[in-house]
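Everything below concerns the one structure shown next.
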2 protein chains.
Amino acid sequence: MSTDPEIESSNLSQFLGFRLTRVKIRVHKVLLARLAPYELSSMEFSVLMLAGSNPGAYLRQLSSALDVSPPNLVSVVERMVRRNLLVRLPGTQDRRLQELHLTETGQALLKQAKADVERFENALEQSLTAVERRHIDSALRKLAAFQLDG
Amino acid sequence: MSTDPEIESSNLSQFLGFRLTRVKIRVHKVLLARLAPYELSSMEFSVLMLAGSNPGAYLRQLSSALDVSPPNLVSVVERMVRRNLLVRLPGTQDRRLQELHLTETGQALLKQAKADVERFENALEQSLTAVERRHIDSALRKLAAFQLDG
DNA sequence: TATTGTTATACTCTATAACTATA
DNA sequence: TATAGTTATAGAGTATAACAATA
């Protein structure tokens with residue numbers, strides 16, 4: 001066994017920014033474990049979700065909705081096309097555009113993965129009290145809009 | 001200008017895990033902008049903070065406190081030693097250990113950067129109501145302890 | 001045999017410049 | 001000229017195996 005006395009880190013963990021990072025990492029890891037059976041990254045799951053509720057969306061639209069640059073989204077879409085989850089259909093009017101649609105395989109995988117993620121999300125929310133849920137919602141909304149200026 | 005109508009993403013943003021990620025990214029970016037003048041990454045700032053309040057701490061201890069693997073922390077410490085912010089003193093009893101201490105330069109930089117981060121943190125917390133602050137605290141604590149099982 | 005710090009390596013994410021084909 | 005998608009590339013961040021020195 002290791003001689004590993006814990007050091008004092010309360011001055012760091014008092015920071016909301018620090019705790020947010022830690023919580024995000026932990027929650028994200030659990031989510032990834034949930035998605036692992038489907039061989040989906042969280043980004044791929046997000047693309048499945050958005051393509052599912054926005055048939056014919058363009059890569060550029062997913063890019064701005066997900067806050068990922070187009071170059072970085074291309075390889076994600078590419079892999080999903082190769083797995084036959086997505087198809088790229090040439091735009092009818094503007095031939096620069098490609099409409100993204102879920103295949104039947106993609107729809108089936110989305111249905112399964114989404115059910116698992118929803119179970120995970122329910123467990124996550126059930127770990128909080130009703131009043132905590134109410135306030136973390138508004139708090140996160142405000143923090144997401146936080147700007148550098150003060 | 002771009003023809004970029006927003007797509008429907010409420011089914012995704014209803015997920016607490018998704019919103020946590022977005023908030024973390026946004027808050028982290030603002031923090032990085034605050035640290036940029038000092039040429040500090042958030043990891044380097046964390047090391048400064050921990051080394052400041054734990055003089056003589058070992059790399060292994062910082063590693064477990066920060067949840068970074070020892071190999072990945074070595075290069076961070078290395079860079080800070082090169083910048084004369086940290087020194088590695090050979091352990092007196094166990095010669096495998098190296099005590100990490102802030103130099104005077106490191107202490108001065110910590111003082112400045114910490115003041116800026118604290119201003120940032122205050123602004124962050126002031127953007128929330130008192131009741132939101134109270135509940136996000138306990139909520140984040142519970143979420144950080146969330147385990148995969150349900 | 002186990003542990004500290006280290007080297008090497010690889011893989012994911014992210015960021016940016018520049019290309020092509022269309023408009 | 002501007003935009004959509006793409007290619008190429010570089011930089012973080014992270015994860016793992018293995019090594020030397022020491023216990």
Side-chain angles (χ1 to χ4, degrees), chain A residues 1-5 7 21-22 24-26 28-29 31-33 35-36 39-47 51 56-82 86-100, chain B residues 1-5 7 21-22 24-26 28-29 31-33 35-36 39-47 51 56-82 86-100:
Chain A
M1 199 160 122
S2 166
T3 58
D4 219 29
I7 60 181
T21 298
R22 302 303 281 274
K24 180 264 171 185
I25 290 172
R26 161 60 63 96
H28 195 244
K29 270 186 185 166
L31 175 65
L32 285 187
L35 292 174
E39 299 184 67
L40 288 172
S41 68
S42 56
M43 181 60 69
E44 287 167 339
F45 174 74
S46 295
V47 170
Y58 308 123
L59 184 141
R60 179 74 44 157
Q61 291 175 305
L62 299 186
S63 164
S64 73
L66 293 171
D67 243 326
V68 187
S69 67
N72 290 333
L73 197 53
V74 165
S75 57
V76 176
V77 167
E78 186 69 30
R79 180 175 128 92
M80 295 175 73
V81 168
R82 279 199 307 271
L86 272 184
V87 285
R88 286 178 283 210
L89 303 180
T92 47
Q93 300 144 356
D94 187 332
R95 280 185 302 172
R96 290 172 304 181
L97 302 173
Q98 296 191 333
E99 299 182 355
L100 297 173
Chain B
M1 197 160 126
S2 164
T3 58
D4 221 30
I7 60 181
T21 298
R22 303 303 281 274
K24 180 264 172 188
I25 291 172
R26 161 60 63 96
H28 194 244
K29 271 187 185 167
L31 175 65
L32 286 187
L35 291 174
E39 299 184 66
L40 288 173
S41 69
S42 56
M43 181 60 71
E44 286 167 340
F45 175 74
S46 294
V47 170
Y58 308 123
L59 184 141
R60 180 73 45 158
Q61 291 175 304
L62 298 186
S63 165
S64 74
L66 292 172
D67 242 325
V68 187
S69 67
N72 290 332
L73 198 52
V74 165
S75 56
V76 175
V77 167
E78 187 68 30
R79 180 175 128 91
M80 294 175 73
V81 167
R82 277 201 307 271
L86 273 183
V87 285
R88 286 178 283 211
L89 304 179
T92 47
Q93 301 144 357
D94 187 332
R95 279 184 302 170
R96 290 173 304 181
L97 303 172
Q98 297 191 333
E99 299 181 356
L100 298 173

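Hydrogens, waters and symmetry mates are skipped; everything else that's a heavy atom, side chains included, is used.
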Could you state the atom-to-atom distance from [atom1] of [X] to [atom2] of [N] in whole Å?
X	N	atom1	atom2	value
Arg60(A)	dT3(D)	CZ	P	9 Å
Met43(B)	dA15(D)	CE	C1'	13 Å
Arg88(B)	dT6(C)	CZ	P	5 Å
Leu73(B)	dG13(D)	CG	P	12 Å
Leu89(B)	dG5(C)	CG	P	13 Å
Lys24(A)	dG13(D)	NZ	C1'	11 Å
Leu59(B)	dT7(C)	CG	P	12 Å
His28(A)	dT14(C)	NE2	P	9 Å

- prompt: Is any side-chain heavy atom of Gln98(B) less than 4.5 Å from a side-chain heavy atom of Leu59(B)?
  reply: no

task: Please evaluate the base of dT22(C) for a donor-acceptor partner in the side chain of Arg95(A) within a cut-off of under 3.5 Å?
output: no

message: Quick check: any donor-acceptor pair below 3.5 Å linking the side-chain of Asp94(A) to the base of dA4(D)?
response: no

query: Do the side-chain N or O atoms of Gln98(B) get closer than 4.0 angstrom to the phosphate oxygens (OP1, OP2) of dT6(C)?
result: yes

task: Starting from the 5' end of DNA chain C, give me the residue, Pro71(B) or Ile25(B), whose nearest nucleotide shows up first.
output: Pro71(B)

Salt bridge (charged side-chain N to carboxylate O under 4.0 Å, His left out) partners for Arg95(B), two or more places apart: none

- request: Could you tell me whether Glu78(B) contacts a base, only the sugar-phosphate backbone, or nothing, with contacts defined as non-hydrogen atoms closer than 4.0 Å?
  value: nothing

query: If you look at every strand shown and take non-hydrogen atoms under 4.0 Å, does Glu99(A) touch a base, only sugar-phosphate, or nothing?
result: nothing

Which nucleotide in the list [options] gets nearest to the side chain of [X]?
X	options	answer
Leu97(A)	dT6(D), dA15(C), dA4(D)	dA4(D)
Asn72(A)	dT6(C), dT6(D), dT14(C)	dT14(C)
Val74(B)	dT4(C), dT14(D), dT7(C)	dT7(C)
Arg96(A)	dA4(D), dT6(D), dA15(C)	dA4(D)

Non-hydrogen atoms of [X] and [Y] that approach each other most closely:
X	Y	value
Tyr58(B)	Leu100(B)	C-CD1, 4.3 Å
Ser63(A)	Leu73(A)	N-CD2, 3.5 Å
Ser46(B)	Leu66(B)	CB-CD2, 3.6 Å

